[in-house]
**Student:** 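Questions regarding the structure given below will be posed in turn.
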Amino acid sequence: MVKDDDSFSEALSAANEKIEMMHERSPIIFNALTRIEQDLVSSTSSTERVRVVQSLLLKSKLNGTDLDVQKEVAQLTSSIAQLESKFHTLSSFTKEQHGKVTSARELLPYMYKILSLKKQRSQILGYESDAQMNLEAHNSMAKHVDAVRAIHDVIADKALEKITSPEFISDQLRVTSDTSFLDDIRPYFELEHVLHELFELCSSLFGITIVEESNKESIGAWDKDVRLFHVYDDSSENSADNGGAGDYTETKKRKIASFYLDPFRRRHKSSGGFVAPISFKHNISNDNPAESLVAICLNIRPTMWDDSTVHLDFQDVVTMFHEFGHALQHLLADVELGSFCGTQCIEEDASEIVSQFMEYWLFKGPLLSKLSKNPETGEPLPCHAIDRIERFRLSTKSLELSHRLFLGGLELEVNSNFDPLGDDSIVSLQREYAERFCPHQGPSKGNIDPLIEIFQNNAEGKCTAQYRYLWSEIMSADAFEEFTEVSDGLNVEDALVKGVGKRFRRTFLEAGGGISTLDAYRGFRGQDAAMEPLLKMYGLSE
């Protein structure tokens with residue numbers, strides 16, 4: 001699950017080429033699923049069951065429902081995969097490791113060929129562009145490329161003049177260029193204390209208690225540093241065996257989920273932070289419901305000695321809250337068909353809503369002060385240090401916004417309107433979008449790094465995905481606004497804040513992918529997400 005080496009990647013790639021799911025290729029199964037969908041809709045069956053069948057039908061549609069079309073699509077997909085793999089390898093060359101860097105002149109033909117084949121494939125399958133096909137393939141909230149363009153245009157109209165002005169950029173770069181303070185604050189963030197405050201936040205907001213498994217023999221993990229935690233529902237009563245956490249005495253609380261925490265970096269472990277589902281919650285059988293089990297994997301620097309206190313870089317703290325947001329979507333989903341709908345049916349461009357929502361608590365309200373602690377005196381970070389962190393965050397996100405607009409708009413155009421067989425140059429297209437969205441920070445002449453980033457992401461399966469963080473963040477900022485509206489100080493012990501948190505859990509988190517994210521969000525907020533909270537959060541509102 002967390003091993004990262006060339007042999008594993010090669011084996012996985014080889015296996016994927018051999019494995020074919022019958023429901024994705026068989027016209028007979030496709031027709032049967034179509035009838036099942038019609039029966040479920042006409043019988044007003046549960047939304048979950050309808051969405052499951054629709055997701056299976058979509059996979060068939062993307063392969064082609066006619067045998068001749070399937071063969072042609074399969075050949076194109078194979079050719080695209082080979083070209084993208086070669087491109088990814090060549091574009092990753094560095095002088096340090098390979099003795100050379102692949103030139104733009106060598107990489108551009110791959111880009112044109114990949115785009116040409118993708119355009120051909122999407123047209124065969126009845127889509128107007130590869131971007132449109134990917135929006136549907138990734139179950140996006142944005143149903144059409146024009147909806148994504150509209151978001152970019154609205155933000156550009158409201159904030160682009162400010163975030164692209166030389167004075168604004170100069171101020172933000174001045175703030176973000178000085179990172180020396182990050183080393184100074186590292187001793188204030190001790191792993192166990194940060195975990196405690198994170199769990200306390202979740203307890204207050206969502207009505208849960210998180211307890212570590214005390215029986216080491218019951219953990220069954222893949223590394224000695226991996227820890228197991230259980231999640232209990234504070235509002236439930238269940239006198240039955242809780243199945244874990246031997247030192248937890250409040251047995252009337254029902255255990256609803258568990259998670260492994262794999263905190264430290266090590267050889268052959270994938271870098272960065274991520275959440276990997278192990279088993280999914282479902283309620284098919286009331287007598288024997290299954291619980292969610294996930295692994296939260298971080299990249300914290302381990303100590304030299306096992307008994308030493310573990311201190312975190314501040315980015316480790318941000319990553320921990322971000323990834324725990326992803327984990328909450330598994331741990332608190334309450335669905336009938338969890339293996340399909342836990343988070344697997346959540347729209348791709350909604351996948352970062354909860355993760356970014358959890359980050360906000362670090363930068364708004366008193367939490368940052370609570371989870372910091374001087375290793376000698378126990379005092380929290382001084383106010384001037386907290387102000388410095390918040391300014392750094394604000395400047396980083398403001399600069400990031402123009403970059404997201406640039407890459408998101410460029411990726412969308414490359415995969416929709418751009419004609420790889422026409423007269424226009426893809427490099428000229430990059431320059432056009434750079435001049436609009438980041439005129440003072442765009443790539444230099446001959447630099448195609450933004451295009452390389454897009455094509456590398458596409459090769460990794462992240463197709464037409466640059467916009468999704470921005471799309472999600474509009475919703476996460478609007479959701480967070482609901483909390484600020486009931487409490488200016490964001491005191492999580494405030495009954496009003498707790499009430500909003502419980503409602504967020506009940507209407508949004510528990511819905512999982514069983515209903516559309518839009519319907520779940522409307523259930524929580526009572527309306528669609530507005531743009532203004534995001535702009536206000538980053539000091540860009542009028």
**Student:** If you define the side chain from C-beta out and look only at heavy atoms, does anything of D316 sit under 4.5 Å from N299?
**Tutor:**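 In short, these two side chains do not touch, never coming nearer than 4.5 Å.
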**Student:** Quick check: closest heavy atoms across H230 and S258, and the distance to 0.1 Å?
**Tutor:** ND1-OG, 2.7 Å
**Student:** Checking E460 now: which residues fulfil salt bridge (charged side-chain N to carboxylate O under 4.0 Å, His left out) with it, not counting sequence neighbours?
**Tutor:**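 Per chain and number, E460 pairs via salt bridge (charged side-chain N to carboxylate O under 4.0 Å, His left out) with K462.
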**Student:** Who pairs with S218 by side chain to side chain contact (heavy atoms under 4.5 Å, CB included), at least two apart in sequence or on another chain?
**Tutor:**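 Testing S218 for side chain to side chain contact (heavy atoms under 4.5 Å, CB included), a comparison that skips the adjacent residues, returns E213, N215.
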**Student:** Output yes when a side-chain donor or acceptor of S204 lies under 3.5 Å from a complementary backbone atom of E493, and no otherwise.
**Tutor:**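 Checking the backbone N and O of E493 against the side chain of S204, no donor-acceptor pair under 3.5 Å is found.
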**Student:** Any salt bridge (charged side-chain N to carboxylate O under 4.0 Å, His left out) pairs touching residues 198-209, not counting sequence neighbours?
**Tutor:** none
**Student:** State which residues pass ring-ring contact (aromatic ring centres under 6.0 Å, His included) with F229; sequence neighbours excluded, sorted by chain then number.
**Tutor:** F199, F259
**Student:** So, using side-chain hydrogen bond (donor to acceptor under 3.5 Å, both in side chains) as the criterion, who are the partners of D225 when residues are at least two apart?
**Tutor:**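 Testing D225 for side-chain hydrogen bond (donor to acceptor under 3.5 Å, both in side chains), a comparison that skips the adjacent residues, returns none.
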**Student:** Can you tell me which residue pairs pass the ring-ring contact (aromatic ring centres under 6.0 Å, His included) test with a partner in residues 120-149, sequence neighbours excluded?
**Tutor:**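 Of all non-adjacent pairs touching residues 120-149, none passes ring-ring contact (aromatic ring centres under 6.0 Å, His included).
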**Student:** For S476, enumerate each residue passing the side chain to side chain contact (heavy atoms under 4.5 Å, CB included) test, keeping only those at least two apart in sequence or located in another chain.
**Tutor:**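 Only I353, Q356, F357, Y360, E473 meet the side chain to side chain contact (heavy atoms under 4.5 Å, CB included) criterion with S476.
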**Student:** Decide, yes or no, whether a salt bridge links R227 with E192 under the criterion of side-chain N to carboxylate O below 4.0 Å.
**Tutor:** yes
**Student:** Would a distance-only check, ignoring hydrogens and angles, find a side-chain to backbone donor-acceptor pair under 3.5 Å from K253 to V231?
**Tutor:**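 It does not hold such a pair.
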**Student:** With sequence neighbours excluded, what pairs up with K216 under the side chain to side chain contact (heavy atoms under 4.5 Å, CB included) test?
**Tutor:** E212, I219
**Student:** Holding to side-chain hydrogen bond (donor to acceptor under 3.5 Å, both in side chains), I want the full list of residues that pass it with Q527, two or more places apart in sequence or in another chain.
**Tutor:**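 Result, side-chain hydrogen bond (donor to acceptor under 3.5 Å, both in side chains) vs Q527: none returned.
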**Student:** In chain order, what residues pass the side-chain hydrogen bond (donor to acceptor under 3.5 Å, both in side chains) check against S416, with sequence neighbours excluded?
**Tutor:** R149
**Student:** Determine whether a donor-acceptor pair (N or O, by modelled atom type, separation under 3.5 Å) exists between the side chain of S85 and the backbone of A81.
**Tutor:**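 Absent.
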**Student:** What I'd like to find out is whether the side chain of Y467 reaches to under 4.5 Å of the side chain of L412, using heavy atoms alone.
**Tutor:**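 A side-chain contact under 4.5 Å is absent here.
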**Student:** Taking side chain to side chain contact (heavy atoms under 4.5 Å, CB included) as the test, write out the residues that go with A530, two or more places apart.
**Tutor:** D478, P533
**Student:** Looking only at non-hydrogen atoms, find the nearest pair between D528 and L518 and report the distance.
**Tutor:** OD1-CD1, 3.5 Å
**Student:** Please list, chain by chain and in numerical order, all residues satisfying side-chain hydrogen bond (donor to acceptor under 3.5 Å, both in side chains) with T396, sequence neighbours excluded.
**Tutor:** none
